[in-house]
Every structure is written in C-alpha cells, then in structure tokens.
Amino acid sequence: MILQNYTLVTDFVLVGLPIQIAFLGIIFSFFFVIYIINLTANFCIMAVTFLDPALHTPMYFFLWNLAFLDICYSSVVVPKMLVDLISSEKKISFYGCLLQVHFFHFLGSVEVVLFSVMSYDRYVAIAHPLRYTTIMSPNTCLCLVLCTWVLAFCHALVHTVMTARLPFCGPNRVKHFFCDVKPLLMLACTDTSLNLRLVTRITGSWTTTTMLLTILSYIFISKFLFKIKTSQGRRRALSTCSAHLCVVSLQYGTAVFTYVRPTTKDSLDQDRMAAVLFTVITPALNPIIYTLRNKDMKKALKKLFMRSNN
C-alpha cells in the first residue's frame with residue numbers, strides 16, 4: 001500500500017559513466033572483454049575445483065563459492081551497463097531498480113564475509129595443520145557458507161525495504177550506472193537521514209568489522225609464519241596468503257571508500273568510479289590472482305586441459 005500510495009515514479013533513468021561519445025565504443029569493448037574474462041575464468045575455477053578430487057578441500061570449497069559469487073555479483077550490474085552504453089534510453093523500472101539494489105548489496109555483503117571466512121581458513125591451515133581437517137570439517141565449512149549467505153541476505157533486505165518505503169515524485173535521473181542506495185536517496189521526496197545513517201552505520205560496520213576480522217587472522221598468521229623452519233614451507237604459505245591479501249585489499253579498499261564516508265554530491269561522482277573497480281575489474285582479477293599465485297590450481301588446470309584435448 002505504501003508503494004501504491006506514494007510512489008509516483010514508475011522508472012528511473014541511469015545517468016551512467018561520464019564518457020565522451022567518441023570513446024563509447026572503446027569503453028564498451030573494454031568492459032565487454034573484461035566481463036567475458038570474468039565469466040570464463042571463474043567458470044574454469046568452478047569446473048576445476050569440482051572435477052579434481054585433489055582440490056576437494058576447505059580452501060577450494062570457499063574459492064568455488066567466491067568464483068560463483070563473482071559471476072553473480074558482476075552480472076547484477078555489468079550486462080545492464082553494457083546495454084546502456086550503446087542505448088539511447090537508459091531506463092530501468094522501479095521494481096527492477098529495487099531488485100538491483102537488493103542483489104548488489106546481498107552479493108557484496110556475502111563477498112566481504114567470505115573473505116573473513118577464507119582468512120580464518122588460512123589461519124587454521126597454517127597454525128593448526130594437524131587438526132585442520134577436523135576443525136574445518138565439511139559440515140563446518142557448509143555451515144559457515146550458509147550463515148554467510150543468510151546474514152548477507154538479511155543485511156541487504158534492510159536497505160531494500162527502507163528504500164522501497166520512500167516516496168519518489170521526480171526527478172528520476174539516478175546519478176550512477178546502476179541502482180545503488182545512496183544515489184536513490186538523493187531523489188526521494190522526503191527526509192532520508194535515517195536511510196543515510198543506516199547505510200553509513202550498518203553497511204559501514206559490516207564492512208569494517210569483516211575487514212578487522214580478516215586483518216586479525218593475518219596478524220595471527222604472520223606470528224606462525226616465523227615458526228615455520230623451512231624456507232620452502234614459508235614460501236608456500238606466503239604464496240597462498242598473498243593471493244588472498246591482494247583480492248581482499250582491492251575489495252575492502254573500495255567498499256570502505258564508498259560506504260563509510262559521508263554522502264555529498266561530489267562523493268557520488270567518486271563512488272561511480274570506485275564502483276567500476278569492484279563491479280567490473282575486481283571480479284575478473286580474482287580468478288587470475290588466485291590461479292597465477294597457486295601451484296595446485298595451475299597443475300589442476302593443466303590436467304583438465306590435457307584431459308579435454310585427449
């Protein structure tokens with residue numbers, strides 16, 4: 001009833017990225033290639049970790065989830081963005097916009113928590129190698145992943161419901177290339193201070209808490225790395241951890257930049273550029289970083305390609 005009585009806007013227009021017309025073709029081609037790399041590389045990781053019994057371990061179970069997540073996360077934003085780059089009408093329906101808000105925050109929330117879970121998994125593997133399979137049992141891993149998805153869904157639902165309750169009477173031009181909470185709040189015909197506080201406090205707390213948990217895991221990991229006597233063992237541990245740290249730094253850096261600081265008109269322009277990084281670039285970089293720094297994954301990929309050629 002609230003939506004029927006107060007929502008006058010039936011669709012929104014996505015302003016998109018500030019790109020000159022002369023460069024639209026180049027930008028479209030670049031984003032399209034990056035998206036294809038994202039899909040191909042993440043599907044390869046999912047296939048390899050599923051088909052190779054040697055990779056049926058907690059670490060690769062979480063990596064499979066991350067690969068699946070990256071495909072879904074970028075697919076919420078990138079296909080619509082590509083269509084809008086070559087389209088004169090950049091419209092999205094009101095309910096389509098709400099769905100995009102929900103799934104963007106839902107999948108993004110899953111990802112930052114999953115990073116904390118993966119860092120804890122690395123801590124257990126390095127600090128307690130003999131008890132690793134007992135602590136990170138299949139039931140424990142499944143429980144951690146399910147809890148992550150359920151909590152993230154609830155977190156995103158708060159923003160979706162609170163945004164859906166707002167009256168939008170025009171204008172309907174969203175200053176972004178997808179529907180996000182902060183640009184939508186700028187268009188509401190009522191006071192949105194509560195919504196802004198929720199974004200800053202809930203999403204900000206969600207991001208910073210998971211980031212601190214990840215950092216804490218790596219502080220403990222660094223303590224145990226010094227106890228590894230062989231240089232080969234230390235290099236192997238560092239190789240696995242460094243790949244994860246690269247991915248984590250990219251994602252947390254842009255998330256904190258976007259959702260922790262106060263909202264202004266200038267900050268929305270900066271948010272658009274930051275969003276390109278964590279919706280387009282990072283999901284494609286994740287599988288590349290993990291495979292290039294991971295000997296087991298490279299070995300499994302070679303085995304899979306050799307099997308397919310035969």
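Sequence positions, counted from 1, serve as the residue numbers for this chain.
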Chemist: Identify, with sequence neighbours excluded, every residue that meets side-chain contact (heavy atoms from CB on, under 4.5 Å) alongside W149.
Modeler: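 W149: side-chain contact (heavy atoms from CB on, under 4.5 Å) contacts with N65, F68, L69, F106, L107, V110, V145.
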Chemist: Enter the distance from R131:CZ to T134:OG1 here, rounded to the nearest 0.5 Å.
Modeler: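 Output value for this atom pair is 7.5 Å.
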Chemist: Ring centroids only, cut at 6.0 angstrom: are Y73 and F103 within range, meaning strictly under it?
Modeler: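 Judged by ring-centre distance (under 6.0 Å), Y73 and F103 do not meet the cut-off.
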Chemist: Under a 3.5 Å cutoff, is there a donor and acceptor pairing between the side chains of T214 and S116?
Modeler: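 Yes, side-chain donor-acceptor contact under 3.5 Å.
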Chemist: So, T210 side chain and W206 main chain: donor-acceptor pair closer than 3.5 Å or not?
Modeler: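 Indeed, once roles are kept as given, a pair shorter than 3.5 Å links the two residues.
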Chemist: Mark yes or no for whether N42, through its side chain, and P283, through its backbone, hold a donor-acceptor pair below 3.5 Å.
Modeler: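 Judged by distance alone, yes, a pair lies under 3.5 Å.
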Chemist: Can you confirm whether the side chains of Y35 and S75 place a donor and an acceptor under 3.5 Å from each other?
Modeler: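 A donor-acceptor contact under 3.5 Å links the two side chains.
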Chemist: Would you compute the distance between atom CE of M162 and atom CG of L185 and round it to the nearest 0.5 angstrom?
Modeler: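 Output value for this atom pair is 9.5 Å.
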Chemist: Between H56 and F61, is the ring centre distance below 6.0 Å?
Modeler: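 Between F61 and H56, which both carry aromatic rings, the centre distance is not below 6.0 Å.
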Chemist: Is the backbone N or O of D84 less than 3.5 Å from a side-chain atom of K90, with the two atoms forming a donor-acceptor pair by type?
Modeler: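 Looks like yes, one N/O pair under 3.5 Å.
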Chemist: Using modelled atom types and a 3.5 Å cut-off, is there a donor and acceptor pairing between side-chain atoms of Q100 and backbone atoms of V76?
Modeler: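 Indeed, once roles are kept as given, a pair shorter than 3.5 Å links the two residues.
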Chemist: Between S74 and N38, does any side-chain donor sit less than 3.5 Å from a side-chain acceptor?
Modeler: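 Yes - a donor-acceptor pair under 3.5 Å links their side chains.
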Chemist: According to a 4.5 Å side-chain heavy-atom criterion applied to Ile, Leu, Val, Met, Phe, Trp and Tyr, with indirect links allowed, do L166 and V9 form part of one hydrophobic cluster?
Modeler: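 Hydrophobic grouping puts L166 with V9.
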Chemist: How many angstroms lie between atom CE of M118 and atom CD of E111, to the nearest 0.5 angstrom?
Modeler: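 Here the interatomic distance stands at 9.5 Å.
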Chemist: Backbone N or O of G96 within a donor-acceptor pair of the S93 side chain at under 3.5 Å?
Modeler: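 The answer is yes, because a donor-acceptor pair under 3.5 Å joins these two groups.
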Chemist: State whether a side-chain donor-acceptor pair under 3.5 Å links D191 with S193.
Modeler: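 Note: D191 and S193 side chains meet the donor-acceptor criterion.
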Chemist: Looking only at the side chains, is there a donor atom on one of D52 and Y60 sitting less than 3.5 Å from an acceptor on the other?
Modeler: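 Short answer, no.
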Chemist: Is it true that a side-chain atom of S217 and a backbone atom of L213 form a donor plus acceptor pair closer than 3.5 Å?
Modeler: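 Judged by distance alone, yes, a pair lies under 3.5 Å.
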Chemist: Can you say whether the rings of H159 and H155 are parallel (under 30°), tilted (30 to 60°) or perpendicular (over 60°)?
Modeler: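 H159 and H155: perpendicular rings.
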Chemist: Within this structure, what is the CE-CG distance for the pair M211 and L216, rounded to the nearest 0.5 Å?
Modeler: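 The CG atom of L216 is 12.5 Å from CE of M211, to the nearest 0.5 Å.
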Chemist: Atom CG in N172, atom CG in D11: separation rounded to 0.5 Å?
Modeler: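 Those atoms lie 6.0 Å apart.
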Chemist: Taking the side chain from T49 and the backbone from M46, do they hold a donor-acceptor pair closer than 3.5 Å?
Modeler: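 Looks like yes, one N/O pair under 3.5 Å.
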